[in-house]
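What follows is a single structure, and I will ask about it in a moment.
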Amino acid sequence: MKTDLQNMTVADASAMMEKGELTSVELVSACLAQIEKKDKDIHAYLEVFKDALEQAKQADAKRKKIGSGRAPALLGVPIAIKDNMLITGRRAGSASKILEGYVAPYDATAIGKLKEAGAVLIGRTNMDEFAMGSSTENSAYGPTKNPVDLSRVPGGSSGGSAAAVSGDMALAALGSDTGGSIRQPAAFCGIVGFKPSYGAVSRHGLMAMGSSLDVIGPLAKTVKDAEIIFSVIAGKDKMDATSTDVRPPSKTKKFSRVADLSDFVESIGSGGVEKSVMENYRASLDALKSKGFEVVKIKTDLSALKYALATYYIIMPAEVSTNLARFDGMRFGFREEGKNLLEDYLKTRGIGFGKEARRRILLGSYVLSSGYYDAYYSKANEVRGVIQKAFDGAFKEADVLATPTTPTPAFKFGEKTANPVEMYLADIFTVTANMAGIPALSVPSGFVKKDGADLPVGMQFMSAYGTDFSLLDFGKAFEKR
Amino acid sequence: MITKEEVRKLSALSRISLTDKEEESLAKDMEGILAYVGEIKKVKIGDSRPWEPAERNIFREDKAENGRGEFKQVLLDSAPASENGFFKVKKIL
């Protein structure tokens, strides 16, 4: 079947369209049919763009016009976009009520690059409100379900994007990752998730959560697909002063040494890592060894990494409290009227923001307030320096650091909502990469049995800043193990 | 010990109105979270330098990059209320 979406990758689709074996209209129609069939149960999408088929027609026409071999990289490929990225003329809201009605006045740089590459933007995906969460249960528009097991969460905050790809409702998606929001849902849904080096993809047009941590990245079925999309969206951008160019593929070295971090992984508090996940981790390392990779133990002291999550939950809320100050009911979205201006602010933000957003804004204000600033925020930045130093030391001993992406497979709805810290712990392995700004890739590493279900898990691979293409190459080798 | 008073002060600073029940619940949540994140006091800093952004004072030329009024209407249309080319808000002073 030409449009067998389950087994179709971006690379396959592009090749088939190039050879004239498939049209973008056929491909996008198949995705739309799948959405029609499945999304009422999954709810990956907040909006499916009504002009998706029209975009596909234009892509096919463009391909005819420009001739073979010269089609831009993503021509006609349907890609889903997380609701926190601006697309001109379309709604965007970070799944929050406070941005109800807001229409984006410009394209995010990453979106502009996708458009230039000919991608069909098929819709905007559900997420935890303002990217705060690890399960997509914090969306103001209802949760998204994991296509692999509808009683379980898809992860978060890019849960909608992960579910769209895993559920064959898009060939790939863009997400954003501040503490694990691309990688964790990718692992839970059995797909690839890539968080590039900080700055590798412009943040212009991405609604800011933690400005020193946020990164846009791809969710896809294969590492090769993730690489194709990354190549399109990466690049220094004058609209984002923190953006940078990473080492191009031609200048990347081949990775050969992988670090076995079993000791660190097992030391993560209160028996948090499930036995089946540890077994999967060790099996994956063994598989790498049999493929000829050198698996080493690190001598550098990595004990600071145990505090990465605590450090993250000081720095990120602090940055959040600043970044979300702009949502005041004056310039965009929703306003709840009060008796005077101050009441407009208080009511708009009290009602417009959901529980988790309010929690993190208050936490951020607390750690930045006088009397607490030194003990929390200043100290956190010092610890962040220690974490970076630990990574620097580790990368002298190994090319790649490996951990399970998450301590458990996808959990059930409501399982972790009673205690905030319980939920935060889902990101215990992923936050480390954001703290150091280094690239990190989650690759599906098989399934574990839980409650009678087979649930996907992922292996997380991290490498030194700027070595994105080497890491992606390594990921491809792991896929072939 | 996070008190309701402290939560009230923070919510006033953050311009977020909370119900009594929400204040109570937040006080409890923040207590738990701060207990967890407070563990960082155990980390020995040694001779590492605190984290700093890689960039410092990146400037651009102070000249208009868009056409005159290019985004004016679309920005006004985004607002909850606008009139005669202004965002409409309640009196400030």
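Per chain, numbering begins at 1; letters A, B, ... match sequence-line order.
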For this session: Looking only at non-hydrogen atoms, find the nearest pair between B:Ile33 and A:Pro420 and report the distance.
Result: CD1-CB, 4.1 Å

Problem set entry | Atom pair CG (B:Asp29) and CG (A:Asn419), whose distance is rounded to the nearest 0.5 Å | 8.0 Å

Exercise. Do the side chains of A:Glu382 and B:Trp51 get nearer than 4.5 Å, heavy atoms only?
Worked result: no

For this session: Check each atom of A:Leu309 against the heavy atoms of chain B and say whether the ones under 4.5 Å are side chain, backbone, both or neither.
Result: both

Seminar exercise, completed: Most contact-rich option vs chain A, by heavy-atom pairs under 4.5 angstrom, among B:Ile40, B:Ile58, B:Leu76, B:Asp77, is B:Ile40

Exercise. After noting the C-alpha distance and the side-chain angles of B:Glu22 and A:Arg358, does the key distance pass the side-chain contact (heavy atoms from CB on, under 4.5 Å) rule?
Worked result: CA-CA 10 Å; B:Glu22 285 169 342; A:Arg358 283 179 274 141; 3.1 Å; yes

For this session: Under 4.5 Å heavy-atom distance to chain B, tell me which part of A:Tyr102 shows up: side chain, backbone, both or neither.
Result: side chain

Exercise. At their closest point, which heavy atom of A:Met330 faces which heavy atom of B:Val89, and how far apart are they?
Worked result: SD-CG1, 3.3 Å

For this session: Heavy-atom distances under 4.5 Å only: say whether A:Tyr372 touches chain B with side chain, backbone, both or neither.
Result: side chain

Exercise. Can you name the nearest heavy-atom pair linking B:Val43 to A:Lys379, along with the distance?
Worked result: O-NZ, 3.2 Å

Problem set entry | A:Pro105 to B:Val74 - nearest heavy-atom pair and separation | CB-CG1, 3.6 Å

For this session: Give a yes or no on whether B:Lys4 atom NZ has more than 12 heavy-atom contacts from other residues, nucleotides or ligands under 6.0 Å away.
Result: yes

For this session: Identify which part of A:Ser321 has an atom lying under 4.5 Å from any heavy atom of chain B, answering side chain, backbone, both or neither.
Result: neither

Exercise. What are the two closest heavy atoms between A:Gly333 and B:Pro80, and how far apart are they?
Worked result: O-CG, 3.4 Å

For this session: Any chance you could measure B:Lys9, atom NZ, to A:Ser365, atom OG, to the nearest 0.5 Å?
Result: 12.0 Å

For this session: Would you name the heavy atoms of B:Leu26 and A:Leu362 that are closest together and state the gap between them?
Result: CD1-CD2, 3.9 Å

Exercise. Tell me, side chain or backbone of A:Val103 under 4.5 Å from chain B's heavy atoms, or both, or neither?
Worked result: backbone

Exercise. Which answer fits B:Ser82, side chain, backbone, both or neither, if we ask what part of it has an atom under 4.5 Å from a heavy atom of chain A?
Worked result: neither

Problem set entry | Contacting moiety of B:Phe71, where chain A heavy atoms sit under 4.5 Å | side chain

For this session: Applying side-chain contact (heavy atoms from CB on, under 4.5 Å), run through B:Ser17 and A:Tyr345 and close with a yes or a no.
Result: CA-CA 9 Å; B:Ser17 76; A:Tyr345 291 146; over 6 Å; no

Problem set entry | Student check: side-chain heavy atoms of A:Thr348 and B:Arg15 closer than 4.5 Å | no

For this session: Could you have a look at B:Gly32, B:Ala54, B:Ala79 and say which one has the most heavy-atom pairs with chain A under 4.5 angstrom?
Result: B:Ala79

Seminar exercise, completed: When the 4.5 angstrom heavy-atom criterion is applied to A:Ala436 and chain B, the contacting part is neither

For this session: Using non-hydrogen atoms and a 4.5 Å limit, figure out which bit of A:Phe353 sits close to chain B: side chain, backbone, both or neither.
Result: side chain

